[in-house]
Amino acid sequence: MTTTAAPQQETTFTLRPRPKLGLGSAIIGREEEALVLDVIRRKEPFRYYGHNPDAPPPMAATLEKEFAAKIGMKYALCVTSGTAALEVALGALGIGPGDEVIVPAWSWISCYTAIVRVGALPVLAEINDTMCLAPGEITRLKTPRTKAALVIHYQGVSAEMDELLAEAKQAGIHLVEDCCESMNATYKGKQTGSMGPINCFSYQNNKFMTSGEGGAIVTNDPKLYERAVRFHDIGQMRAYHANIVKPTEAAFPGDQFRITELQAAMALAQLRKTDYIKAHCRKLSAHILSGIQDLKDLKLRRIPDPTGDTGIEIYMSLPTNPLAIEFRNRLNALNVNCNKTTGTYMQYERDYVKSGQTHAPGANPYPKGGTWPAKGYRKEDFPKTEEMIPKLIALPLGMLYTEEDADYIASAVRHVHRDLLG
Ligand SMILES: Cc1ncc(COP(=O)(O)O)c(C=O)c1O
């Protein structure tokens, strides 16, 4: 280990090497290898049939059973991505042209695009200091056309579900949970993904568990399950699914979002590691938090149920944006991985939102006439989100981080804090 004076620090600091990031991806090992090899050796990469008509390939089927059990829902259906899961969920709910879906203005790209892709209008909402959809927004934004709100449990932490579920119920709309960043988080003892009618997960590379790409929806409702199956498999309800739920719904054209046995094998091995991942990240996160929570002018993210936090990322807020930038630069100079935020954007700043463009004019859900961007799609319409985001610092944790790394991160934060705010 090298001992160096970090640049631009008032005092010297013994540098530790920068730890490598990664959750499930960082602990891919023999378990994944064994299951993926099994698929290859059997030469059965397609989930619905292989060589033996009496014994269909097992990986996607087993993954769906274990995934549903983990989340505490009756049915899981695996798909090709979290984005596909969002489209399947909205499609299963029958959301389309003429409908509106409330979504945080600050969210992952496809939380917006999925709504447009099913033909509905995204209606942008503010977040609060939980970094998730702010209670009150559903009531403020609801119109007679609103069919659903998408709550994104941001980076390993559940949103304020009691308030949001009550508000959605009062408004008579569905509250769909996007758990792509919150696999294995809980809220008052319930898994994220077990509280809305149909909820979405991603197995993309940066996620809690991964198969490179992949995703899932979960539901307790047999009709939503059937509609999700049809939406993800070009309208079909194959015998495999018909044995799980007797088809009653009319067929309609769907997309093709089927998972492969190779993806499912890898995701299955990863699913079985999720409690280990959570325990590790929670332990490190608690270590760091206990070392920094007394620091003046450094506000930690409000976590609605700290007992259910997965611990994958710590958020701190500083009094101003220039201070946050300087704080980040100094932490980076000390080999502490830190970001502004992780993989999330102001939707109103994306090109296609500013232009109001869609792939074909007829697919455009935006209000006709008037100027664009209209009210509700401009920076000035989101004062709370705009105020909050620039002051943030994200400290991602990972499976290759050690307790020594956690101690080091806490002392690096204290060190920079002393220099900048002490
Ligand atoms: C909140 C959220 N929703 C949806 C997605 C989409 O998942 P995928 O990348 O698997 O399409 C992501 C992925 O980054 C996400 O973070």
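Quick note: numbers below take in every heavy atom, side chains included, and nothing from hydrogens, waters or symmetry partners. One is the number of the first residue; the rest follow in order along the sequence. Every number for a ligand or one of its atoms is a count from 1 in the order of the listing.
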> If we set the cut-off at 4.0 Å for heavy atoms, which region of Ala84 has an atom near ligand 1: side chain, backbone, both, or neither?
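No part of Ala84 comes within reach of ligand 1.
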
> Less than 6.0 Å separating the ring centroids of Tyr315 and Tyr154?
yes

> Per the side chain to side chain donor-acceptor pair (under 3.5 Å) rule, which among Thr192, Thr310, Asp309 passes with Ser182?
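Per the side chain to side chain donor-acceptor pair (under 3.5 Å) rule, the option paired with Ser182 is Thr192, out of Thr192, Thr310, Asp309.
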
> Considering heavy atoms of the protein only, find what lies nearest to atom 16 (O) of ligand 1 and give residue, atom and distance to 0.1 Å.
Glu181 OE2, 2.6 Å

> Just which atoms of ligand 1 are under 4.0 Å from any heavy atom in Cys111?
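The atoms of ligand 1 under 4.0 Å from a heavy atom of Cys111 are 3 (N).
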
> Among all protein heavy atoms, pick out the one at the shortest distance from atom 8 (P) of ligand 1; state its residue, atom name and that distance to 0.1 Å.
Gly82 N, 3.4 Å

> Is the distance between the ring centroids of Phe201 and Phe67 under 6.0 Å?
yes

> Sequence neighbours excluded, which residues qualify as salt bridge (charged side-chain N to carboxylate O under 4.0 Å, His left out) partners of Glu213?
none

> Which heavy atom of the protein is the closest neighbour of atom 3 (N) of ligand 1, given with residue, atom name and distance?
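Minimum-distance protein heavy atom for atom 3 (N) of ligand 1 reads Asp178 OD2, 2.6 Å.
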
> Is the shortest distance from a heavy atom of Gly215 to ligand 1 less than 4.0 Å?
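Outside the 4.0 Å threshold, so no.
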
> Can you name the one residue among Glu160, Glu137, Lys384 that meets side chain to side chain donor-acceptor pair (under 3.5 Å) with Asn128?
Glu160

> Short N/O distance, under 3.5 Å, between Gln204 and ligand 1?
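No, since none of the N or O atoms of Gln204 sits under 3.5 Å from an N or O of ligand 1.
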
> Under the salt bridge (charged side-chain N to carboxylate O under 4.0 Å, His left out) criterion, do Asp233 and Arg238 qualify, and how do the steps go?
CA-CA 9 Å; Asp233 191 12; Arg238 296 179 197 243; 2.7 Å; yes

> List ligand 1 atoms under 4.0 Å from Cys180, heavy atoms only on the residue side.
2 (C), 3 (N), 4 (C), 5 (C), 12 (C), 15 (C)

> For residues 395-402, run the donor-acceptor check on the side chains, cut-off 3.5 Å, and write out each pair with its distance to 0.1 Å, sequence neighbours left out.
from, atom 1, to, atom 2, distance (Å)
Tyr401, OH, Asn337, ND2, 2.9
Tyr401, OH, Pro396, O, 3.1
Thr402, OG1, Glu404, N, 3.3
Thr402, OG1, Glu404, OE1, 3.3
Thr402, OG1, Asp405, N, 3.1
Thr402, OG1, Asp405, OD2, 3.1

> Just do the ring-ring contact (aromatic ring centres under 6.0 Å, His included) check on Tyr345 and Trp106 with the steps written out, would you?
CA-CA 5 Å; Tyr345 303 89; Trp106 185 73; 9.1 Å; no

> Please state which part of Ser81 comes within less than 4.0 Å of ligand 1, counting heavy atoms only: side chain, backbone, both or neither.
both

> Please state which protein non-hydrogen atom is closest to atom 11 (O) of ligand 1 and give its distance, to 0.1 Å?
Thr83 OG1, 2.6 Å

> Under a 4.0 angstrom heavy-atom cut-off, which atoms of ligand 1 come close to Ser110?
4 (C), 5 (C), 6 (C)

> Counting heavy atoms only, which part of Ile152 comes closer than 4.0 Å to ligand 1: side chain, backbone, both or neither?
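For Ile152, the contact with ligand 1 is made by the side chain alone.
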
> Any chance you could lay out the salt bridge (charged side-chain N to carboxylate O under 4.0 Å, His left out) test for Glu226 and Arg230, step after step, and finish with the verdict?
CA-CA 6 Å; Glu226 181 185 345; Arg230 292 191 184 282; 3.0 Å; yes

> Nearest protein heavy atom to atom 12 (C) of ligand 1, by residue and atom, and its distance?
Trp108 CD1, 3.1 Å

> For the pair Glu100 and Arg145, find out whether any cationic side-chain nitrogen is under 4.0 Å from an anionic carboxylate oxygen.
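The answer is yes: the pair qualifies as a salt bridge.
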
> Can you tell me which residue and heavy atom of the protein come closest to atom 13 (C) of ligand 1, and the distance to 0.1 Å?
Lys207 NZ, 2.9 Å

> What about Ser202: any of its N or O atoms under 3.5 Å from an N or O on ligand 1?
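Between Ser202 and ligand 1, an N or O pair is found under 3.5 Å apart.
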
